[in-house]
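Worksheet for the structure shown next.
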Amino acid sequence: MEYSDIGTVAAWLTEQGLKGASEAELLTGFCDACRERGLPLDRGMALMDTLHPVHEGRAFRWDSQEEIETEFEYGSTSEGPALESWQRSAFYYLWAGEENEVRRRIGFGDPADFAMLDTMQAQGHTDFVAMVHRFAKAGTIGEMDCFFSHFATRHPEGFSDHDLIILRKLVPVLALAIKCIALARIARTIAEVYLGDDAARQVLEGKITRGKSERISAALWFSDLLNYTKISDTAPPEEILPMLNAYSDVVISAIHEAGGDVLKLIGDGVLAIFKADEPADACAASLQAERLLRQKLKALNDERALEERPTTEVYIGLHIGDVFYGNIGSRERLDFTVIGPAVNEVSRIASMCRSVDLNVLMSSEFAATIPANERGALACIGRYALRGVKRAQELYTLDTARIEI
């Protein structure tokens, strides 16, 4: 590979990074381009931590001969076998020390003392080099503080000094391109985790102006945990957060699986919306979420009861109406949510569940909108005045909705 090729490959990386090519596409294209120009690459890997509630980071691989998984996400490396594997790697050696590069000429007597090197040696690789490119504090997000990469060759003479010079000049460009894509991925993840999928999409499309909203019709869901205050006052403090997370998980996953969007977590309360072209479809989706929740809730309560841990139930209010959907707040702190009388009404309907000893209640508007084939499962429980709502209205429930305590 000639020095004149460096500019060509760097320009390609820059262009693809600006276009938004995936990390795996960037690594594959980089290795292919280098190999086509005479750099004897046979294996490549890139790895970088991320900011994600589940995954610690993402890794990307390329091989000149084998069909392999080109990208994967990895969990915590802070304990157990994952920690042991991490500590045996060349990347850990670089991360823990001061060097930015480590090389093992495994085909010429150097020790295969890092993880995977013995396997690579058996596969015919002769030379291995690993690099780390560290980020300054201003360029760090969460644990994403450096870019790791390694490259190997099966060439009978290994990497030449010229080959290593080429890699040292080009890998920082690869790192910058992959970091660019990773940052966009992190932005999407943060928005989705804290705002919900639909609100995140709208914010990332540029809808961040304060007061900018649209009027939509949606099925509204508000749920809370039964006796949560009492449980939190009596259960050991170390039980409270795991319990809240466990019950939040079943509620939120049920809503998402049925096509809803969670907009707000208020302590143990959840506000969600279901949107559809036909109002009946939105109501049907929210009822599907309720059914999914009951299945998940039974499994969770059975498991927690066996462990002799506190259990509870979820009560739900359902309503349908017009709301304003958009940005509310100050110039420095905005919330993308829904507002309007219908939002207040659904929360009051949910709070009535405790008074009437039922785990799901719905407004008359919701009951009238659901598909006709599902109305047979409804029962009117009477007319009630809701706190903060001007008019009293009939409330409905499902025949199987009585709370079991």
Side-chain angles (χ1 to χ4, degrees), residues 216-227 247 250-263 268-301 312-323 338 340-405:
I216 64 169
S217 178
L220 304 171
W221 162 302
F222 193 95
S223 62
D224 246 328
L225 298 184
L226 177 68
N227 292 331
Y247 284 97
V250 296
V251 173
I252 294 169
S253 62
I255 292 169
H256 284 168
E257 288 173 28
D261 283 294
V262 174
L263 297 183
D268 59 316
V270 175
L271 173 65
I273 61 171
F274 295 81
K275 297 192 299 180
D277 292 336
E278 296 295 330
D281 293 337
C283 291
S286 60
L287 288 176
Q288 173 64 9
E290 191 274 340
R291 288 190 289 269
L292 288 170
L293 171 59
R294 298 306 163 195
Q295 296 169 11
K296 294 172 181 285
L297 197 58
K298 183 180 185 307
L300 175 61
N301 280 339
T312 187
E313 292 290 332
V314 177
Y315 57 85
I316 305 166
L318 298 172
H319 186 35
I320 188 167
D322 288 347
V323 292
V338 288
V343 179
N344 178 57
E345 197 163 343
V346 73
S347 69
R348 301 308 183 199
I349 292 171
S351 66
M352 282 294 299
C353 289
R354 286 172 289 190
S355 301
V356 297
D357 195 27
L358 293 167
N359 62 19
V360 60
L361 288 176
M362 59 195 76
S363 66
S364 56
E365 291 92 341
F366 185 96
T369 306
I370 67 173
N373 63 337
E374 297 205 41
R375 291 177 197 161
L378 302 186
C380 179
I381 67 164
R383 191 173 184 84
Y384 289 84
L386 303 175
R387 185 166 59 89
V389 179
K390 290 182 178 179
R391 60 183 179 85
Q393 66 163 279
E394 290 183 336
L395 297 179
Y396 290 76
T397 190
L398 298 168
D399 284 343
T400 57
R402 188 160 299 279
I403 295 175
E404 296 179 5
I405 302 177

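Computed from a predicted structure; not experimentally measured.
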Next item on the list: Take Lys298 and Glu313 through the test salt bridge (charged side-chain N to carboxylate O under 4.0 Å, His left out) and record every step on the way to the result.
Entry: CA-CA 9 Å; Lys298 183 180 185 307; Glu313 292 290 332; over 6 Å; no
Check side-chain contact (heavy atoms from CB on, under 4.5 Å) between [X] and all other residues, then give those that pass, not counting sequence neighbours.
{"X": "Ala285", "value": "Phe274"}
{"X": "Gln295", "value": "Leu292"}
{"X": "Asp268", "value": "Asp224, Leu225, Tyr228, Leu244"}
{"X": "Pro341", "value": "none"}

Note to self: Contact between Trp221 and Val251 at the side-chain level, heavy atoms closer than 4.5 Å - yes or no?
What the structure shows: yes
Gap separating the [atom1] atom of [X] from the [atom2] atom of [Y], nearest 0.5 angstrom:
{"X": "Leu358", "Y": "Thr397", "atom1": "CG", "atom2": "OG1", "answer": "4.5 Å"}
{"X": "Cys283", "Y": "Ile320", "atom1": "SG", "atom2": "CD1", "answer": "3.5 Å"}
{"X": "Ser363", "Y": "Gln393", "atom1": "OG", "atom2": "CD", "answer": "5.5 Å"}
{"X": "Thr369", "Y": "Asp281", "atom1": "OG1", "atom2": "CG", "answer": "11.5 Å"}
{"X": "Leu293", "Y": "Ile252", "atom1": "CG", "atom2": "CD1", "answer": "11.0 Å"}
{"X": "Thr312", "Y": "Leu226", "atom1": "OG1", "atom2": "CG", "answer": "4.5 Å"}

Next item on the list: Please list all pairs passing the salt bridge (charged side-chain N to carboxylate O under 4.0 Å, His left out) test where one or both residues lie in residues 358-371, with sequence neighbours left out.
Entry: Glu365-Arg391
Among all residues two or more places apart in sequence or in another chain, which pass the salt bridge (charged side-chain N to carboxylate O under 4.0 Å, His left out) test with [X]?
{"X": "Arg383", "result": "none"}
{"X": "Glu394", "result": "none"}
{"X": "Arg294", "result": "Glu290"}

For [X] against [Y], the heavy-atom pair lying closest together:
{"X": "Ala342", "Y": "Gly321", "result": "CB-CA, 4.4 Å"}
{"X": "Ser223", "Y": "Ile316", "result": "CB-CG1, 4.0 Å"}
{"X": "Ile370", "Y": "Leu378", "result": "CD1-CD1, 3.5 Å"}
{"X": "Gly317", "Y": "Ala350", "result": "N-CB, 3.6 Å"}
{"X": "Ala219", "Y": "Ser286", "result": "CB-OG, 4.3 Å"}
{"X": "Val262", "Y": "Ala272", "result": "CA-CB, 4.0 Å"}

Next item on the list: Going by the side-chain contact (heavy atoms from CB on, under 4.5 Å) test, name the single residue among Leu361, Leu386, Val343 that passes it with Arg348.
Entry: Leu386
Check: Going through the distances and angles, do Leu318 and Leu287 end up as a side chain to side chain contact (heavy atoms under 4.5 Å, CB included)?
Finding: CA-CA 9 Å; Leu318 298 172; Leu287 288 176; 3.9 Å; yes
Check: Is there a side chain to side chain contact (heavy atoms under 4.5 Å, CB included) between Asn301 and Tyr247 once you walk through the steps?
Finding: CA-CA 9 Å; Asn301 280 339; Tyr247 284 97; 2.4 Å; yes
Margin query: Please check: side-chain N/O of Ser217 versus main-chain N/O of Asp322, any donor-acceptor pairing under 3.5 Å?
Written below: no
Next item on the list: Show your working on side chain to side chain donor-acceptor pair (under 3.5 Å) between Asp357 and Tyr315 and close with a plain yes or no.
Entry: CA-CA 9 Å; Asp357 195 27; Tyr315 57 85; over 6 Å; no
Note to self: side chain to side chain contact (heavy atoms under 4.5 Å, CB included), that's the test. Do Val314 and Asn359 meet it? Break it down for me.
What the structure shows: CA-CA 7 Å; Val314 177; Asn359 62 19; over 6 Å; no
Check: Using 4.0 Å as the upper bound for N to carboxylate O, is an ion pair formed by Glu345 and Arg387?
Finding: no
Checklist line | Evaluation steps, side chain to side chain contact (heavy atoms under 4.5 Å, CB included), between Lys275 and Ile216 | finding: CA-CA 8 Å; Lys275 297 192 299 180; Ile216 64 169; 3.7 Å; yes
